[in-house]
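Residue numbers count from 1 along this sequence.
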Amino acid sequence: MASSSSSSRMLCLLSCLALALLAGAEVHHHEFVVQETPVKRLCNTHNIITVNGQFPGPTLEVREGDTLVINVVNRAQDNVTIHWHGIRQMRTGWADGPEFVTQCPIRPGGSYKYRFTIEGQEGTLWWHAHSSWLRATVYGALIIRPRENKAYPFGKPSREVPVILGEWWNANPIDVIREAQRTGGGPNVSDAFTINGQPGDFYNCSQEETTAIPVKPGETALLRFINAALNHELFVSIAQHKMTVVAADASYTKPFTTSVLMIAPGQTTDVLVTMDQAPTRYYVAARAYVSGQNVAFDNTTTTAVIEYDCGCASDFGPKIQPAFPALPAFNDTAAAAAFAAGIKSPGKVKVHENVDEYLFFTVGLGLFNCEPGQLCAGPNNNTRFTASMNNVSFVFPQHDSLLHAHYYKIPGVFTTDFPAYPPVQFDYTAKNVSRALWQPVPGTKLYPLRFGSVVQLVLQDTSIVTPENHPIHIHGYDFFILAEGCGNFDPKKDVEKFNYVDPPQRNTVAVPVNGWAVIQFVADNPGVWLMHCHLDVHITWGLAMAFLVEDGYGKLQSLEPPPVDLPMC
């Protein structure tokens, strides 16, 4: 039986590849070797985990319709998986990557071949490790261009530059989070932010390696911003240059011009910048947007330099101090809200007014009471930090993946009783929420969805411990953001704010601090799909859940069989 099943999978793969070739699409083969690499930053050399010895990792460049086959070989000492952030993975959930959700980890010395086709997506996405805090250094850009003979919906830029925002610790990030898990307190904050792996001019021992972006006067560049930072949303600005946003999360937008971006971890933003200023040097700068109260954060600023090449005899060089941009204050929530409000789809989109599943999920922090013998470095020294959705603090399985257990109907790995609404309704954004509501219930609970059902979900921030802007990412799906607002969502009044015409389409929504967002999607992709906060400290604490989307009718509405090399636990 195993031989017959393997043969049928091979025939299926060959037929898919043949169809891709007939359609003019390509199959791209890559090998990612996960390994330790010595890297010097902030005056010290550290052994960090990289892909192919590169930091950031390799940029993948494909066209819409292409297929990627990436063999990941683990030569590091930690388990690893790779997630292809924002790729829909239609029926190929086995290639999605989150550890213990769609696969067991690739053990040291092991390998796994990720195979997937990119359908109906164009723009900037990215890939990153989805195992513990390895994504601090294991990440890279994934650029999807239009098919041959198809143009961008804007003028062809003179150059395209991925600009990846990252976060750096003068320590092993795995040790940082393990220490926080041991004590129950918050993890140490990062020591620097980076742009394309370099901290920039305002950090020790970093000026000579600052990322430079060469440009020519008068040209228009497409800058593809990616926030790969672990735990910080970031404001970004370019000195004396306006940015025209044309895409977000690999979905085109109505062009709108701004002097500042707010990009949450997981999100991407494509901007056109016309080089229309005096030909000299200008900083691209990024620093934290912090919405939580009394939350420790990295208060540094990373920079890259846009350098005009005027073709003249003058040599600006490093002697000319670049102009510095105006950035919002770290707690400027109004600036973050204004930027989010500017993003809209290019034209009228298909939003469903008849909804099958109305869901309401609270998202926020919490505290576990201290058990005898535990270290408890949370507030008051007798608690441990946690986080939850609808009062369920998500527990990842350790001996099987959710998708494998679902496919083979293995009992005892998860339950399907995640609540559609908060178990207790309360004033979610009140200043003094009853302490009786601060302790969630740990569990591995999934919410089942019928294939094809229309899902409308309210994501409501809470003020438990502290209100905070939470970037919520759904694997395997894009969604429309119908509305965002402050305070508690009011289904009678706030429905009037819904944008049914041109709402933005994204894969990660920054739920406003002390506020809410309403999203809508159609459950057209069978499998188990993680939804979580993309601040990694929060997913570590349990701010996650998963949707179990059932198969529809026939092969094209059903999850493909698992690949033969799927790692086992």
Side-chain angles (χ1 to χ4, degrees), residues 30 32-61 76 80 82-83 85 124-130 133-143 159-174 176 189-214 221 223-236 238 261 263 265-269 281 283-288 298 300-307 318 322 534 536:
H30 296 274
F32 277 17
V33 178
V34 180
Q35 61 192 56
E36 273 198 6
T37 303
V39 169
K40 187 174 184 180
R41 295 291 185 277
L42 307 184
C43 313
N44 296 301
T45 298
H46 300 268
N47 281 330
I48 67 169
I49 306 301
T50 67
V51 165
N52 299 350
Q54 300 176 41
F55 175 62
T59 294
L60 300 177
E61 299 187 61
V80 72
I82 303 291
H83 170 52
H85 185 110
T124 305
L125 294 174
W126 62 301
W127 58 266
H128 61 81
H130 213 298
W133 274 22
L134 281 182
R135 82 168 180 86
T137 56
V138 179
Y139 61 82
L142 202 172
I143 310 301
R159 71 181 71 222
E160 303 181 18
V161 184
V163 184
I164 311 180
L165 310 170
E167 200 165 355
W168 177 267
W169 276 262
N170 274 332
N172 181 343
I174 302 289
V176 172
V189 299
S190 51
D191 296 288
F193 296 117
T194 58
I195 296 178
N196 291 350
Q198 296 293 342
D201 286 356
F202 297 98
Y203 299 89
N204 291 336
C205 309
S206 301
Q207 291 87 341
E208 290 186 7
E209 304 296 332
T210 296
T211 295
I213 302 172
L223 303 185
R224 300 176 177 272
F225 283 98
I226 299 165
N227 187 348
L230 254 71
N231 294 315
H232 287 84
E233 298 172 309
L234 294 166
F235 286 122
V236 184
I238 304 176
L261 314 175
I263 314 178
Q267 292 183 331
T268 71
T269 305
R281 307 172 79 230
Y283 276 129
V284 180
R287 72 177 177 209
D298 184 337
T300 63
T301 302
T302 183
T303 55
V305 179
I306 288 180
E307 297 184 332
H534 222 282
D536 272 32

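Using cut-offs of 30° and 60° on the angle between ring planes, the pair Trp126 and His534 is tilted.
For Glu167, the side-chain contact (heavy atoms from CB on, under 4.5 Å) criterion is met by Trp169, Ser190, Phe193, Ala229, Leu230, Asn231, His232, not counting sequence neighbours. Applying the side chain to side chain donor-acceptor pair (under 3.5 Å) test to Asn196 and every residue at least two apart in sequence or in another chain returns nothing. For Asn172, the side chain to side chain donor-acceptor pair (under 3.5 Å) criterion is met by no residue, not counting sequence neighbours. Listed by chain and number, the residues in a side-chain contact (heavy atoms from CB on, under 4.5 Å) with Ala192 are Leu42, Trp168, Pro199, Tyr203 (sequence neighbours excluded). Considering only residues two or more places apart in sequence or on other chains, Arg287 meets the side-chain contact (heavy atoms from CB on, under 4.5 Å) condition with Thr301, Leu327. In this structure, Trp127 has no side chain to side chain donor-acceptor pair (under 3.5 Å) partners at least two apart in sequence or on a different chain. For Val189, the side-chain contact (heavy atoms from CB on, under 4.5 Å) partners two or more places apart in sequence, or in a different chain, are Ala296. For Asp536, the salt bridge (Lys or Arg N to Asp or Glu O under 4.0 Å) partners two or more places apart in sequence, or in a different chain, are Arg135. Judged as a side chain to side chain donor-acceptor pair (under 3.5 Å), and not counting sequence neighbours, Arg41 has no contacts. The salt bridge (Lys or Arg N to Asp or Glu O under 4.0 Å) search around Glu36 returns none, not counting sequence neighbours.
Considering only heavy atoms from C-beta on, Leu234 stays 4.5 Å or farther from Phe225 through its side chain. Side-chain contact between Val138 and Ile82 is present, with heavy atoms from C-beta onward closer than 4.5 Å. The shortest distance between side-chain heavy atoms of His46 and Pro38 does not fall below 4.5 Å. Put simply, the side chain of Thr210 does not reach to within 4.5 Å of the side chain of Gln198, judged on heavy atoms. Counting heavy atoms from C-beta on, the side chains of Lys40 and Glu209 never come closer than 4.5 Å. Residues Thr124 and Pro162 form no side-chain contact, since every pair of their non-hydrogen atoms from C-beta on lies 4.5 Å or further apart. Annotation: side chain of Glu61 is in contact with side chain of Ile143 (closest heavy-atom distance under 4.5 Å). At a threshold of 4.5 Å between non-hydrogen side-chain atoms, the residues Ile238 and Leu223 count as touching.
The list of side chain to side chain donor-acceptor pair (under 3.5 Å) pairs with a residue in residues 47-59, not counting sequence neighbours, reads Thr37-Thr50.
Annotation for Asp191 and Asp298: closest pair C-OD2, 3.7 Å, computed over non-hydrogen atoms. When all heavy atoms of Ile164 and Ala228 are compared, the pair lying nearest together is CG2-CB, 3.8 Å. The two atoms that bring Phe235 and Ala288 nearest to each other are CD1-O, 4.0 Å, heavy atoms only.
Screening Thr269, Thr268, Ile263 for a side chain to side chain contact (heavy atoms under 4.5 Å, CB included) involving Ile226 leaves a single residue, Thr268.
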